[in-house]
Asks: 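Please find one structure pasted underneath; my questions will follow.
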Amino acid sequence: MALTISKKAELVKPSSTLAITAKAAALRAEGKDIVGFGAGEPDFDTPDHIKEAAIKAIKEGFTKYTPASGIVPLKEAISKKFKELNHVEYAKDQIVISNGAKHSLTNIFTAIINEGDEVVIPAPYWLSYPEIVSLAGGIPVFVPTTMEENFKLTPEKLEKAITGKTKALILNSPSNPTGMIYSREELKAIAEIVVAKDIYVVADEIYEYLIYGEEEHVSIASLNEEIYKRTITCNGISKTYAMTGWRIGYTGSSREIAKLMGSIQSHQTSNPNSIAQMAALEAIGGSQETIEEMKKEFAARRDFIYERVCKMPYIKILRPQGAFYTFIDVSDVFAKKHKGEQIGSTDQMANILLEEYGVIVVPCEDFGFSDHIRLSYAISMSQIQKGMERIEAFIHSLV
Ligand SMILES: *Cc1c(COP(=O)(O)O)cnc(C)c1O
């Protein structure tokens, strides 16, 4: 046996968004004035009442192993939230608490995928989906959507993408990177096909609270009994409560799949951090006031970026409805020249923006859209203002 490594592992790409965040940090450490639109996490601090719950847990010695799939009071709080907010009934034994929603997704695909099973992923998509599916032995099948479709999967496109090997569909609403939200009617049409073709739907609802207009968040599992049986709902506290570092995510699913995921997790990681679970209990079960404050701020930032981008030539944007990202079509920039050199690609555009204008943007090739960039508005309004001025200067420099 030679010293080879896993073929599956070899194909995994490092997360480009985390790499961009690291690059921004390195440039700042050198003293450069960088505006980073790369952030994938709220810039707000975890609310004090949640921190206090964690401190209390430590002081009271809640520092040992817990049941592998999470503590009962937290499962009860999640079950109550599912019922009251999402109108979905998941009992305690249908809930698994994991080390972040990313880990929940890993558990889900480990539990349902056999080698070679296909998973339909509408593009643009969150960049970790294909990697998580591939690592579980599945084959990502991308279905590109268009700006005219508001970057949402249509039932026709879904039906066409399904083959005899399709095991699941991933649905992310509100979406990272587009900020788009599926309406109840749209979900009904998709659910019909999911049920008719008898596949799973993995519903990533991590941005459910971060909605800025009149749209409502609808959990696909709430539509009817048939789709409920086929849905695995994935969620977490990272985005809603500004708790990305605490690492708590959770799923609601059938008992059968919950049991499997619990067993998988019991061998791979054991329980999620006991102290973070107590903090999550306070986050989900305690006062929800801070969400409204955060939403107000996000809404103002979204409007600011949207209006500025609308005024700029060569770039196009849809008004995002939720999450904290703007997804911008920059394909008309490629033919333009900057200082005599043709731009040609989002990577080149991102390089110029970083090196000459001190702005970090995320090229969306890893999100399945190589002619778009993503700007996060999880940074302060003053940073956003400065950054938009710089992007504007870049755009106006093009010939
Ligand atoms: C941030 C994010 C997650 C993962 O969040 P965790 O911090 O792992 O809980 C999952 N899905 C989407 C779409 C995200 O943006």
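What's counted below: heavy atoms across the whole structure, side chains too, no hydrogens, waters or symmetry copies. Numbers here are sequence positions counted from 1. Atoms within each ligand, like the ligands themselves, are counted from 1 in listed order.
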Asks: With heavy atoms under 4.0 Å as the rule, classify the contact between Ile237 and ligand 1 as side chain, backbone, both or neither.
Replies: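 The answer is neither; Ile237 stays 4.0 Å or more away.
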Asks: Which protein non-hydrogen atom lies closest to atom 15 (O) of ligand 1, naming both residue and atom, and how far is it?
Replies: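 Result: Tyr207 OH, 2.7 Å.
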Asks: Going by the order shown, which atoms of ligand 1 are within less than 4.0 Å of some heavy atom of Asp204?
Replies: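 So the answer, numbered in order with elements, is 10 (C), 11 (N), 12 (C), 13 (C).
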Asks: At under 4.0 Å between heavy atoms, is it the side chain or the backbone of Ser238 that contacts ligand 1, or both, or neither?
Replies: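 Side chain only.
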Asks: Please find the pair of heavy atoms, one from Ile384 and one from Ile379, that lie closest to each other, and give the distance.
Replies: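 Scanning both residues, the minimum pair turns out to be CD1-O, 3.5 Å.
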Asks: So is Glu41 touching ligand 1 or not, going by heavy atoms under 4.0 Å?
Replies: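 Contact check Glu41 vs ligand 1: negative.
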Asks: If only atom types and distance count, is the side chain of Glu226 paired as donor or acceptor with the main-chain N or O of Glu192 below 3.5 Å?
Replies: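 A pair under 3.5 Å: no.
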Asks: Hey, is ligand 1 close enough to Lys102 that some N/O pair sits below 3.5 Å?
Replies: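 N/O-N/O distance under 3.5 Å: yes.
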Asks: Would you confirm whether Thr240, through its side chain, and Ile237, through its main-chain N or O, come within 3.5 Å as a donor-acceptor pair?
Replies: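 A pair under 3.5 Å: no.
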Asks: So is Gly100 in contact with ligand 1, going by heavy-atom distances below 4.0 Å?
Replies: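 A heavy atom of Gly100 does come that close to ligand 1.
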Asks: Above 12 or not: heavy atoms from other molecules or residues under 6.0 Å from CD of Gln348?
Replies: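 For Gln348, atom CD is crowded (more than 12 foreign heavy atoms under 6.0 Å).
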Asks: Do the two ring centres, one from Tyr377 and one from Phe37, sit under 6.0 Å apart?
Replies: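 Centroid distance Tyr377-Phe37: not below 6.0 Å, so no.
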Asks: Indicate whether any N or O donor in one side chain lies under 3.5 Å from an N or O acceptor in the other, for Ser98 and Asn107.
Replies: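 Yes, because at least one side-chain N or O of Ser98 sits under 3.5 Å from a partner of the opposite role on Asn107.
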Asks: If you have a sec, work out which protein heavy atom is nearest atom 9 (O) of ligand 1 and how many Å separate them, to one decimal?
Replies: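 Looking at atom 9 (O) of ligand 1, the protein heavy atom closest to it is Ala101 N, 2.6 Å.
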Asks: If we set the cut-off at 4.0 Å for heavy atoms, which region of His103 has an atom near ligand 1: side chain, backbone, both, or neither?
Replies: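 It is neither; nothing of His103 touches ligand 1.
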Asks: Considering only heavy atoms of Lys239, which atoms of ligand 1 have at least one such atom less than 4.0 Å away?
Replies: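 In order of numbering, the contacting atoms are 1 (C), 2 (C), 3 (C), 5 (O), 14 (C), 15 (O).
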Asks: Just checking, any donor-acceptor pair under 3.5 angstrom between side chains of Tyr325 and Tyr207?
Replies: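 Result is yes, a qualifying pair exists.
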Asks: Taking only heavy atoms of Ile206 into account, list the atoms of ligand 1 that are under 4.0 Å away from them.
Replies: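 Taking each heavy atom of Ile206 in turn, ligand 1 has 3 (C), 4 (C), 5 (O), 9 (O), 11 (N), 12 (C), 14 (C) under 4.0 Å.
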Asks: Of all the heavy atoms in Tyr129, does at least one lie under 4.0 Å from an atom in ligand 1?
Replies: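 Contact check Tyr129 vs ligand 1: positive.
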Asks: Can you tell me how the ring of Phe394 sits relative to the ring of His338, calling it parallel under 30°, perpendicular over 60° and tilted otherwise?
Replies: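 Because their plane-to-plane angle lies in the 30° to 60° range, the rings of Phe394 and His338 count as tilted.
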Asks: So does Ser175 get a backbone contact from the side chain of Asn172, meaning a donor-acceptor N/O pair under 3.5 Å?
Replies: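 No.
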Asks: How close does the nearest protein non-hydrogen atom get to atom 8 (O) of ligand 1, and which residue and atom is it?
Replies: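 Here the nearest protein heavy atom works out to Arg247 NH2, 2.7 Å.
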